[in-house]
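What follows is a single structure, written as structure tokens, with notes after it.
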Amino acid sequence: MSEATVEILLETAMGVSKKTQDQSGYDYAMAVMKMCDILHLRHTKVWLRPDIIFNYTKYAKAQEKLINTIHSLTRKVIKRKRADFDKGIRGSTAEVPEELKTKNYESKVTSKTVVEGLSYGQSAGLKDDLDVDDDVGEKKRMAFLDLMIEASQNGVVINDEEIKEQVDTIMFEGHDTTAAGSSFFLSMMGIHQDIQNKVIQELDEIFGDSDRPATFADTLEMKYLERCLMETLRMYPPVPVIARQLSQDVKLVSGDYTLPTGATIVIGTFKIHRLPDIYPNPNKFDPDNFLPERTANRHYYAFIPFSAGPRSCVGNKDRFVIVLGEFGKNIDCTVGIIV
Ligand code: HEM
């Protein structure tokens, strides 16, 4: 799954065509996984924390090799993009299938606003109060890396190292979370066959016998799939805790408490998502928790798998539904328990 999400990111965010990808997507995913194992080891084995000790262990050498694998993919992608730009090739090299270029797949959705007073994304529980509904549009077709390289050539001061740092962040943050979310989703489908059948029925209604790729318009019709996805992210958020360091004192409205500047605050997403006063029967997988009438009056921050506020996830939340719509066309999950 991690390999698949690295390749999807390379194609969608970096504009690298599937044809030009090689084994490095798999190597990247494996390197990140092993690198995280070393990081977690340093969390639990306190003597490995000081660099002065860690640097003399076998883990330091392994880490250096893994970081090199991780960085070599991002360097390769940027080099290739720069070369494309020098040859005058602008925009994404990801191939748009001919049928999508010529055919106009009209959305059957008549209104984007499901609940009065809320945007589509907000009423579906996907967006918070800082988000706006500007997801549909030509500008979004350009890959993120293309936009950055184009900006750097149009006078924006950003050098290759800074572009690399941005690419590293997107690749790192984007693939693991999506792989975990997709795996949890498929497990849920395997466990709840009746729910899986409803998802399949919805996808059949959208795609019929066609094996065309899913479009943004299609995702607006994947209402049940979306609810299943939100419910998966509620029960199994890929980022179960978030930490923040306070840059100023914060007075809590819940009582006479002041959290001091410099304190590290841990927000337990997993715990918030299972509060029974917000989600009755919180340990039951119930996609109806995300029916528009149930989400309408729910607090924005009662569902925060992508965090919230100015440093929330930059990954296009709605695109995640496209990925699962693509998987879903051939979905057939059963879950076995090995004893
Ligand atoms: C199911 C999928 C995803 C989940 C659950 C998720 C979740 C999150 C969360 C919780 C954060 C905040 C972390 C923190 O504050 O400590 C975050 C940040 C971020 N995510 Fe995602 N993410 C997903 C997909 C993606 C994708 C596909 C991309 C890239 C295309 C991406 C790029 C980022 C970036 C760059 C940040 C850092 C934003 C910042 O610090 O300003 N994420 N994500």
Side-chain angles (χ1 to χ4, degrees), residues 1-16 25 28-29 32 36 39 43 70 73-74 77 92 94 121 124-128 130-131 135 140-148 162-188 216 219 222 225-247 264-273 290 300-328:
M1 193 58 85
S2 297
E3 182 188 1
T5 54
V6 169
E7 283 176 6
I8 290 167
L9 270 180
L10 282 174
E11 185 155 348
T12 54
M14 304 305 153
V16 179
Y28 179 91
V32 170
C36 287
L39 283 177
H43 285 143
I70 293 168
L73 174 72
T74 42
V77 167
S92 171
L126 275 163
K127 298 186 174 182
D128 63 44
L130 295 172
D131 287 326
D135 291 340
K140 294 282 175 187
R141 300 249 170 93
M142 228 170 155
F144 162 79
L145 179 56
D146 289 294
L147 285 173
M148 264 198 312
E162 286 162 333
I163 293 181
K164 192 181 97 34
E165 278 166 12
Q166 298 296 332
V167 171
D168 278 334
T169 310
I170 294 278
M171 290 299 299
F172 193 96
E173 297 258 3
H175 89 278
D176 201 28
T177 44
T178 322
S182 310
S183 305
F184 287 133
F185 170 81
L186 293 175
S187 305
M188 288 298 100
F216 182 80
T219 65
M222 296 175 192
L225 171 84
E226 184 176 84
R227 293 215 301 274
C228 293
L229 174 60
M230 297 302 109
E231 180 64 352
T232 306
L233 294 178
R234 177 187 75 79
M235 287 190 76
Y236 304 101
V239 185
V241 285
I242 301 167
R244 291 284 183 272
Q245 194 171 46
L246 296 185
S247 57
T264 299
I265 307 300
V266 177
I267 300 152
T269 307
F270 184 92
K271 194 90 181 135
I272 292 172
H273 287 183
F290 290 88
Y300 290 133
Y301 301 142
F303 179 64
I304 47 166
F306 300 100
S307 182
R311 294 306 295 267
S312 66
C313 180
V314 303
N316 189 320
K317 300 152 198 177
D318 304 315
R319 293 294 153 94
F320 192 36
V321 183
I322 297 193
V323 174
L324 285 165
E326 277 293 320
F327 285 149

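Note that ligands are numbered from 1 as they come in the structure, with each ligand's atoms numbered from 1 the same way.
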Across all chains, not counting sequence neighbours, the side-chain contact (heavy atoms from CB on, under 4.5 Å) partners of Glu173 are Thr169

For Ser247, side-chain contact (heavy atoms from CB on, under 4.5 Å) partners two or more places apart: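 Here no residue qualifies.
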
Test item, [X] contacting ligand 1 (heavy atom, 4.0 angstrom):
{"X": "Met171", "value": "no"}
{"X": "Leu9", "value": "yes"}
{"X": "Gly181", "value": "no"}
{"X": "Ser312", "value": "yes"}

For Leu233 and Pro238, the nearest pair of non-hydrogen atoms, with its separation, is CD2-CD, 3.6 Å

For the residue pair Val6 and Ala29, what are the closest heavy atoms and their distance?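 Between these two residues, the closest heavy atoms are CG2-CB, 4.0 Å.
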
For Met14, run the side chain to side chain contact (heavy atoms under 4.5 Å, CB included) check against Val167, Leu9, Asp146 and tell me which one passes. Val167

Suppose I only count heavy atoms of [X] and a 4.0 Å limit; which atoms of ligand 1 are within that range?
{"X": "Pro305", "value": "5 (C), 7 (C), 10 (C)"}
{"X": "Ile242", "value": "14 (C), 15 (O), 16 (O)"}
{"X": "Val239", "value": "7 (C), 10 (C)"}

Relative to each other, are the rings of Tyr236 and Phe184 parallel, tilted or perpendicular (30° and 60° limits)?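 Judged by the thresholds at 30° and 60°, the geometry between Tyr236 and Phe184 is parallel.
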
Could you tell me whether Ser307 approaches ligand 1 through its side chain, its backbone, both or neither, with non-hydrogen atoms closer than 4.0 Å?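 It is both parts that get close, each with some atom under 4.0 Å.
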
Should the proximity of Arg244 to ligand 1, defined as any heavy atom under 4.0 Å, be assigned to the side chain, the backbone, both, or neither?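 Side chain only.
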
Apply side-chain contact (heavy atoms from CB on, under 4.5 Å) to residues Met171 and Leu10 and explain how you reach the verdict. CA-CA 8 Å; Met171 290 299 299; Leu10 282 174; 3.9 Å; yes

So, regarding Arg311 and ligand 1 (criterion: nitrogen or oxygen to nitrogen or oxygen, under 3.5 Å), is there a contact or not? yes

On a heavy-atom basis, I'd like to know which of Ala180, Cys313, Ala243 is closest to atom 17 (C) of ligand 1. Cys313

When rounded to the nearest 0.5 angstrom, what is the spacing between CD1 in Ile304 and CD1 in Ile242? 5.0 Å

